[in-house]
Amino acid sequence: MHNLINTSQIRKKDMTMSEVRVRIAPSPSGNLHVGTARTALFNYLFAKKNNGKFILRIEDTDAERTSQAYIDNIFDSLKALGLNWDEGPDVGGDYGPYTQSERFDIYPKYAQILLEKGFAYECFCTPEELEAEKELATKNKQAYVYSKKCENLTEEEKEKLRKEGRKPALRFNIAKAQKAFHENSILKFDDLVKGELHMDTDLLGDFVIMKSNGTPTYNFAVVIDDMLMKISHVIRGEDHISNTFKQILIFEALGAEVPRFGHLGMILAPDRSKLSKRHGATAVSEFVEKGYLTDALINFVALLGWSPSDGQEIKTVDEIAQDFRIGEISSSNSIFEYDKLNWMNSHYIKMLPIEELKEKLKPYLTQYDLSELTDAQYTRMVEVTREPLTLLSDITDAVPYFFGEGVEIEPEVQSDVLDTETSQEVLKEFVAQAKDWEFDEENLHEKLEVFRGKFKEKGIKPKVTMWAIRAAVTGRTRGADMTAILAILGKDKVIARVNSAIK
RNA sequence: GCUCCCAUCGUCUAGAGGCCUAGGACAACACCCUUUCACGGUGUAGACGGGGAUUCGAAUUCCCCUGGGAGUACCA
């Protein structure tokens, strides 16, 4: 009996302890980057798959580079992508605040603990001294590691330095922590995506955890926050691998449970360099402005490293979550190629419910007077022009002929199509007949079929016949379905345009 | 320089010793459909970076080389 109760209690305890809590911790020194979006996505997927919590934390310890506009952009982008967080600066949670600058008072406490335990020491080195050390190392072609010259400063020495007005920074004592918890200088951990990773901690160098101005450095703040927020799994880019070793040591020095880590390969530009502004858009919001759908973007980015078990690549985030296993993520870098993103975007545009598409297209139609069209006409216009769109913004150049009385004729269209004798003949005949037609699509379709059939008997290809009409009405040789165009424009406009094309 | 990570078609990837004469998707090309463009359909071309080792057998394991990426801040 007692045993039973005990087991169930242990189970319960295990379950609460192993609750999955992951986080995305962007630093608001720029708009939300697609790379960050992908990291956020994988965290989100992992949380969803494991019934865990997805947490948003803003890492703004560097006040210089932080701005509210960036914070807003991060919030908006994440939301637009459908990556909603369970805890965060705006929604709160049990482990807040979720903005590091609002947590400044809690870091010194833990720094003090480390200091008292001997895992940290004050460092009075000036930037110049440090610079000199580095230069020397480079000159001797050696890896730079801090000299630890402040490690064993006596109280008198420190006092003297303090009187000189020098404010100490706090450094973490790597070797001491490593020795305290590990057999030798090699630190290992089992990475969720890469497997066992190891590092000789002698090469790490005692890093600063508290700056002389009293604020924490990234590596320290992250650990404290992850610890306090009970983060169970840290999934982030592989550019953090070396930080991970430092952070594990801090967790251990603090006597905290070390979370599991998983490092993702990076997203590279087609030239294999880091994805940056010179390659085009990098922020999610920029992609949106360019006319990409967030559903397409997130789906595309999910495929960078992850692949579906059923081969079906078009999937919603929730569908991906079902199929998601972090160990199956590719551990190599991947290149961000627009080809597939573009294909995916056009696919999503085709799939989008018409009402939604009509709304999403409006920002790209501001140069036209939409009041010229009834809602039914606008709907139809969108229906017949959506097919070839790669970007939402492509709509701008796809529809000018639906607006205004006359139409701008492209020069080549004038000379190659309208100026030909056949075209003129077709147009004259068209006006003669069309003035008696009903301009609804069904009827137009039949009439046009008969119309080009007549010309075909005279040896004029249907294609040529239709081109003449298309050219006169739209000024182009390519575009949406002719019957739809004619129906939307209506008899008066069509006849007027054709008449003005007749010489 | 030092350290770490990675390595299958142009790109994203499947592949966890024999199912692989390496599969799929995007892009490319060809053909078909068609009143244009497009969509769609069908098909073609296209890869295990190199060298050793283990094994009856390696894309899959190990080692070396090469290549690419990342880190090396009182930035995050």
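Sequence lines set the chain letters: A, B, ... in the order given, protein chains first and strands last, and positions in each chain run from 1. The structure displayed is predicted, hence computed values, not measured ones.
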**Q** Would you kindly give the CD-to-P distance between A:E441 and B:U35, to the nearest whole Å?
**A** 16 Å

**Q** Could you pick out which residue, A:I335 or A:R452, lies toward the 5' side of RNA chain B when each is mapped onto its nearest nucleotide?
**A** A:I335

**Q** Please give the distance between the C1' atoms of B:U8 and B:C20 as a whole number of Å.
**A** 12 Å

**Q** Could you check how far CG of A:D323 sits from P of B:U13, rounded to whole Å?
**A** 16 Å

**Q** What's the NE2-C1' distance between A:H279 and B:U11, to the nearest Å?
**A**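 About 15 Å, once rounded to whole Å.
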
**Q** With heavy atoms under 4.0 Å as the rule, sort A:M199 into base, sugar-phosphate or nothing.
**A**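 Result for A:M199 = sugar-phosphate.
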
**Q** Given the ring of A:F207, does A:K246 sit roughly above its face, with NZ or CZ under 6.0 Å from the centre of the six-membered ring and within 45° of the axis?
**A** yes

**Q** What nucleic acid atoms does A:A480 come within less than 4.0 Å of, heavy atoms only: base, sugar-phosphate, or nothing?
**A** base

**Q** Between A:I74 (CD1) and B:A76 (P), how many Å, whole number?
**A** 15 Å

**Q** Please give the distance between the P atoms of B:G43 and B:G17 as a whole number of Å.
**A**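 Their P atoms lie roughly 32 Å apart.
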
**Q** With both distances under 3.5 angstrom, what nucleotide forms a Watson-Crick or G-U wobble pair with B:U3?
**A**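 Across all strands, the one nucleotide that pairs with B:U3 is B:A70.
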
**Q** Got a donor-acceptor pair under 3.5 Å from the side chain of A:K340 to the base of B:A25?
**A** yes

**Q** Side-chain N or O of A:S334 versus OP1/OP2 of B:U13: is the shortest distance under 4.0 Å?
**A** yes

**Q** Name the nucleic acid region contacted by A:G311, choosing base, sugar-phosphate or nothing; use a 4.0 angstrom heavy-atom cut-off, strictly under.
**A** nothing

**Q** Assess, by modelled atom type and distance only, whether the side chains of A:H182 and A:T201 contain a donor and an acceptor separated by less than 3.5 Å.
**A** no

**Q** In the structure shown, which nucleotide is the Watson-Crick or G-U wobble counterpart of B:C19, with both distances under 3.5 Å?
**A** none

**Q** What's the CZ-C1' distance between A:R478 and B:C39, to the nearest Å?
**A** 14 Å

**Q** Any chance CD of A:E196 has more than 12 other-residue heavy atoms, nucleotides or ligands included, within less than 6.0 Å?
**A** yes

**Q** Counting heavy atoms not belonging to A:K188, are there more than 12 under 6.0 Å from its NZ?
**A**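 Counting other residues, nucleotides and ligands, NZ of A:K188 stays at 12 neighbours or fewer.
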
**Q** How would you label the contact of A:G205 with the nucleic acid (heavy atoms, under 4.0 Å): base, sugar-phosphate, or nothing?
**A** nothing

**Q** Please measure how far the C1' atom in B:U66 lies from the corresponding atom in B:G51, and state the result in whole Å.
**A** 10 Å

**Q** Between A:R470 and A:Q142, who's closer to the 5' end of RNA chain B by nearest nucleotide?
**A**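 Checking each residue's closest nucleotide, the 5'-ward one belongs to A:Q142.
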
**Q** Round to the nearest Å and state the distance from A:K141 atom NZ to B:G1 atom P.
**A**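 Checked: the NZ to P distance equals 8 Å.
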
**Q** Assign the ring pair A:W437 / A:F430 to parallel, tilted or perpendicular, where the plane angle (0 to 90°) is split at 30° and 60°.
**A**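 The rings of A:W437 and A:F430 stand perpendicular, inter-plane angle above 60°.
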
**Q** With both distances under 3.5 angstrom, what nucleotide forms a Watson-Crick or G-U wobble pair with B:A53?
**A**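 B:U61 - that is the nucleotide pairing with B:A53, both distances being under 3.5 Å.
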
**Q** Do A:Q414 and A:E410 get their side chains close enough for a donor-acceptor pair, meaning under 3.5 Å?
**A** no

**Q** Determine the contact category for A:D481: base if any of its heavy atoms lies under 4.0 Å from a base atom, sugar-phosphate if only primed atoms, P, OP1 or OP2 are that close, otherwise nothing.
**A**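 Base, at least one base heavy atom under 4.0 Å.
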
**Q** Give one of base, sugar-phosphate or nothing for A:L197, where a contact means two heavy atoms less than 4.0 Å apart.
**A** sugar-phosphate

**Q** Would you mind pulling out the nucleotide paired to B:A14, Watson-Crick or G-U wobble, both distances under 3.5 Å?
**A** none

**Q** Tell me the interatomic distance from A:L303, atom CG, to B:G24, atom P, rounded to whole angstroms.
**A**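 Distance, rounded to whole Å: 16 Å.
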
**Q** Can you confirm if the NZ or CZ of A:R476 lies within 45° of the ring axis of A:Y401 and under 6.0 Å from the centre of its six-membered ring?
**A**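 Not flagged: A:R476 not positioned over aromatic ring of A:Y401.
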
**Q** Write down the distance separating the C1' atoms in B:U44 and B:G49, rounded off to the nearest Å.
**A**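 My reading of the C1' atoms in B:U44 and B:G49 gives 26 Å.
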
**Q** Under a 4.0 Å threshold between the charged nitrogen and the carboxylate oxygen, would A:K149 count as salt-bridged to A:E151?
**A** no

**Q** If we take the P atom in both B:C31 and B:U36, what is their distance in whole Å?
**A** 16 Å

**Q** According to the Watson-Crick and G-U wobble definitions, with both distances under 3.5 Å, which nucleotide is paired to B:U35?
**A**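 Partner of B:U35: none.
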
**Q** In whole Å, I'd like the distance from the CG atom of A:L297 to the C1' atom of B:C26.
**A**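 Result: 16 Å.
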
**Q** Does B:G46 have a Watson-Crick or wobble partner in any strand here, with both distances under 3.5 angstrom, and which is it?
**A**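 Pairing partner: none.
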
**Q** What nucleic acid atoms does A:T477 come within less than 4.0 Å of, heavy atoms only: base, sugar-phosphate, or nothing?
**A** base

**Q** Looking at every strand, decide which applies to A:E59 at a 4.0 Å heavy-atom threshold: base, sugar-phosphate, or nothing.
**A**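 Contact class for A:E59: sugar-phosphate only.
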
**Q** Treating primed atoms plus P, OP1 and OP2 as sugar-phosphate and everything else as base, which nucleotides of nucleotides 67-75 of chain B get B, S or - for protein heavy atoms under 4.0 Å?
**A** --SSS-SBB

**Q** When you compare B:C4 with B:G23, how far apart are their C1' atoms, in angstrom units rounded to a whole number?
**A** 33 Å

**Q** Please list all pairs passing the ring-ring contact (aromatic ring centres under 6.0 Å, His included) test where one or both residues lie in residues 453-484 of chain A, with sequence neighbours left out.
**A**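 Qualifying pairs, neighbours excluded: A:F451-A:F455.
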
**Q** One thing to verify: whether A:R380 and A:E441 come together as a salt bridge, which I'm taking to mean a side-chain N less than 4.0 angstrom from a carboxylate O.
**A** yes

**Q** Classify the nucleic acid contact of A:K350 as base, sugar-phosphate or nothing, counting any heavy atom under 4.0 Å across all strands shown.
**A**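 Sugar-phosphate contact only.
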
**Q** Rounding to an integer number of angstrom, what distance separates B:A70 and B:G57 when you compare their P atoms?
**A** 40 Å

